[in-house]
Protein chains: 2
Amino acid sequence: KSVIIKAVALDKETAKIAVLGVPDRPGIAARLFSGLAAEGICVEMILQSVMRGQINDIAFLVDKRDIEKTITACRDLSRQLGAQGVTFDTEIARVSVVGAGISSHAEIPSRVFSILAGKGINIEMISASSMAITCVVSSLDGEAAVHALHHEFMEDK
Amino acid sequence: KSVIIKAVALDKETAKIAVLGVPDRPGIAARLFSGLAAEGICVEMILQSVMRGQINDIAFLVDKRDIEKTITACRDLSRQLGAQGVTFDTEIARVSVVGAGISSHAEIPSRVFSILAGKGINIEMISASSMAITCVVSSLDGEAAVHALHHEFMEDK
Ligand SMILES: C[C@@H](O)[C@H](N)C(=O)O
Ligand SMILES: C[C@@H](O)[C@H](N)C(=O)O
């Protein structure tokens, strides 16, 4: 069962930014990320979930070192796009469980989330695909999260 | 440049579900996905973005064949968790641009989104990591999206 998990990783050098309430129509994401690319900002993870009304939030992670530059660019772009505003948080950590064919094992997501819940860790963002499950947690919880996940998936029982 | 893109893929056999307004505290995601695992439901992609107030939305994709079973399970779980409700959409398609080290190329996300914008395609959900950029679009736009992305990234110019 757990043989499909290849690694459990922690990234503490990351910060999250969200452009809130962008109009949900073609071309908006293109303009936002073209603006960021023009500043040479590499984006590590992008999340846009279901829309509410005719607006949507676009959240992403960048290297902590780029946070000032990214906030400035996003505030500009938010005004140009008619968004509601920009939020950010530098006190986060990203934990990832990486493996092959994760999505074809129904119990893996619930095991990942239950391990974090068992440690009282709140999950601030989730991005899961067939190759990895990534959770953003508080930077205070990063170490405890990666140790608990490593114990669950990487150590022989 | 485009040598890092390995594939462009289209999945039309997928449906999206969202449990809206779940309490944003430890253990909620664990209970939701434990409930789905108990029903043997494999989840293909999970997205939880930044929270608003003390609540959050958890959206995910399942195989279209599992949609009835998933809606029933989610309505039950939504009541148990004190969520606001459940929405779903079966008329979607998922297009993915897969490659290595995508997140270290600042211009790739903006190219993907600009190609779709150029075809007038609205992007309903986005999930991007270092290995892939996935966009959920209307099922009416799936073919046009994958052809335009294939032309941009896979064909010799
Ligand atoms: C919100 C944003 O993603 C918009 N739907 C777009 O297509 O650009
Ligand atoms: C919303 C949900 O993800 C919650 N924050 C949890 O940790 O379970």
Side-chain angles (χ1 to χ4, degrees), chain A residues 16 18 20 24-52 57-60 87 89 103-134, chain B residues 16 18 20 24-52 57-60 87 89 103-134:
Chain A
K16 77 178 172 188
L20 300 176
D24 200 321
R25 52 165 198 272
I28 296 292
R31 286 168 63 192
L32 174 59
F33 289 95
S34 299
L36 294 171
E39 298 289 327
I41 295 169
C42 284
V43 177
E44 294 168 351
M45 181 170 113
I46 305 171
L47 281 183
Q48 177 194 311
S49 187
V50 292
M51 86 182 165
R52 297 263 207 157
D57 300 337
I58 300 179
F60 54 94
T87 66
D89 187 352
S103 56
S104 46
H105 291 255
E107 80 293 343
I108 300 263
S110 82
R111 275 171 72 193
V112 169
F113 303 142
S114 298
I115 293 293
L116 298 179
K119 297 285 177 200
I121 295 173
N122 193 48
I123 306 169
E124 298 181 11
M125 294 169 86
I126 301 171
S127 173
S129 69
S130 61
M131 296 178 283
I133 296 179
T134 298
Chain B
K16 78 179 171 186
L20 300 177
D24 200 320
R25 53 164 197 272
I28 297 291
R31 286 167 63 193
L32 174 60
F33 288 95
S34 300
L36 294 171
E39 298 288 326
I41 295 169
C42 285
V43 177
E44 295 169 351
M45 181 168 113
I46 305 171
L47 281 184
Q48 177 195 311
S49 187
V50 291
M51 90 182 164
R52 298 265 207 154
D57 301 336
I58 300 179
F60 54 94
T87 65
D89 187 351
S103 55
S104 47
H105 291 254
E107 80 292 345
I108 301 258
S110 81
R111 276 171 71 193
V112 169
F113 304 142
S114 298
I115 293 293
L116 298 179
K119 297 285 178 199
I121 295 172
N122 192 48
I123 306 169
E124 298 181 11
M125 294 169 85
I126 301 171
S127 173
S129 69
S130 61
M131 296 178 284
I133 297 180
T134 298

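To find a chain, count down the sequence lines: A is the first, B the second, and so on, and within it residues start at 1. Only heavy atoms go into these numbers, but all of them, side chains included; no hydrogens, no water, no symmetry mates. Since we're looking at a predicted model, the values are computed, not measured.
When the candidates B:Ala117, B:Ser110, B:Gly120 are compared by the number of heavy-atom contacts under 4.5 Å with chain A, B:Ser110 comes out ahead. Here B:Arg52 is the residue among B:Arg52, B:Glu44, B:Met131 with the most heavy-atom pairs under 4.5 Å with chain A. Chain B forms the most heavy-atom pairs under 4.5 Å with one residue out of A:Ala132, A:Ser104, A:Ala106, and that residue is A:Ala106. The choice from A:Thr134, A:Ile115, A:Leu47 that makes the most heavy-atom pairs within less than 4.5 Å of chain B is A:Leu47. Taking chain A as the reference chain and counting heavy-atom pairs below 4.5 Å, the highest number among B:Ser103, B:Gly35, B:Pro26, B:Ala37 is found for B:Pro26. Looking only at heavy-atom pairs under 4.5 Å with chain A, the residue among B:Ile46, B:Ile121, B:Val112 that has the most is B:Ile46.
Side-chain atoms of B:Glu124 never come within 3.5 Å of backbone atoms of A:Val50 as a donor-acceptor pair (strictly under, hydrogens ignored).
Only the backbone of A:Ile41 comes within less than 4.5 Å of a heavy atom of chain B; no side-chain atom from C-beta onward does. Only the side chain of B:Lys16 comes within contact range of chain A, judged by heavy atoms closer than 4.5 Å. Contacts between B:Ser127 and chain A at a heavy-atom distance below 4.5 Å involve backbone atoms as well as side-chain atoms. Looking at A:Ser130, the atoms closer than 4.5 Å to chain B (heavy atoms on both sides) all sit in the backbone: N, CA, C or O. Looking at A:Arg31, there are no atoms closer than 4.5 Å to chain B (heavy atoms on both sides), in backbone or side chain. Contacts of A:Ala29 with chain B are made by both backbone and side-chain atoms, with heavy-atom separations under 4.5 Å.
Here A:Met125 contributes atom CE and B:Ser49 contributes atom OG; the two are 5.0 Å apart, rounded to the nearest 0.5 Å. Distance check, rounded to the nearest 0.5 Å: CE of A:Met51 to OG1 of B:Thr87 gives 10.5 Å.
Taking every heavy atom of both residues into account, B:Ile123 and A:Asp24 meet most closely at O-OD1, 3.9 Å.
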Report the C-alpha distance between A:Ser34 and B:Ser114 in whole Å, list the side-chain angles of each, state the deciding distance to 0.1 Å, and finish with yes or no for side chain to side chain contact (heavy atoms under 4.5 Å, CB included).
CA-CA 8 Å; A:Ser34 299; B:Ser114 298; 3.7 Å; yes

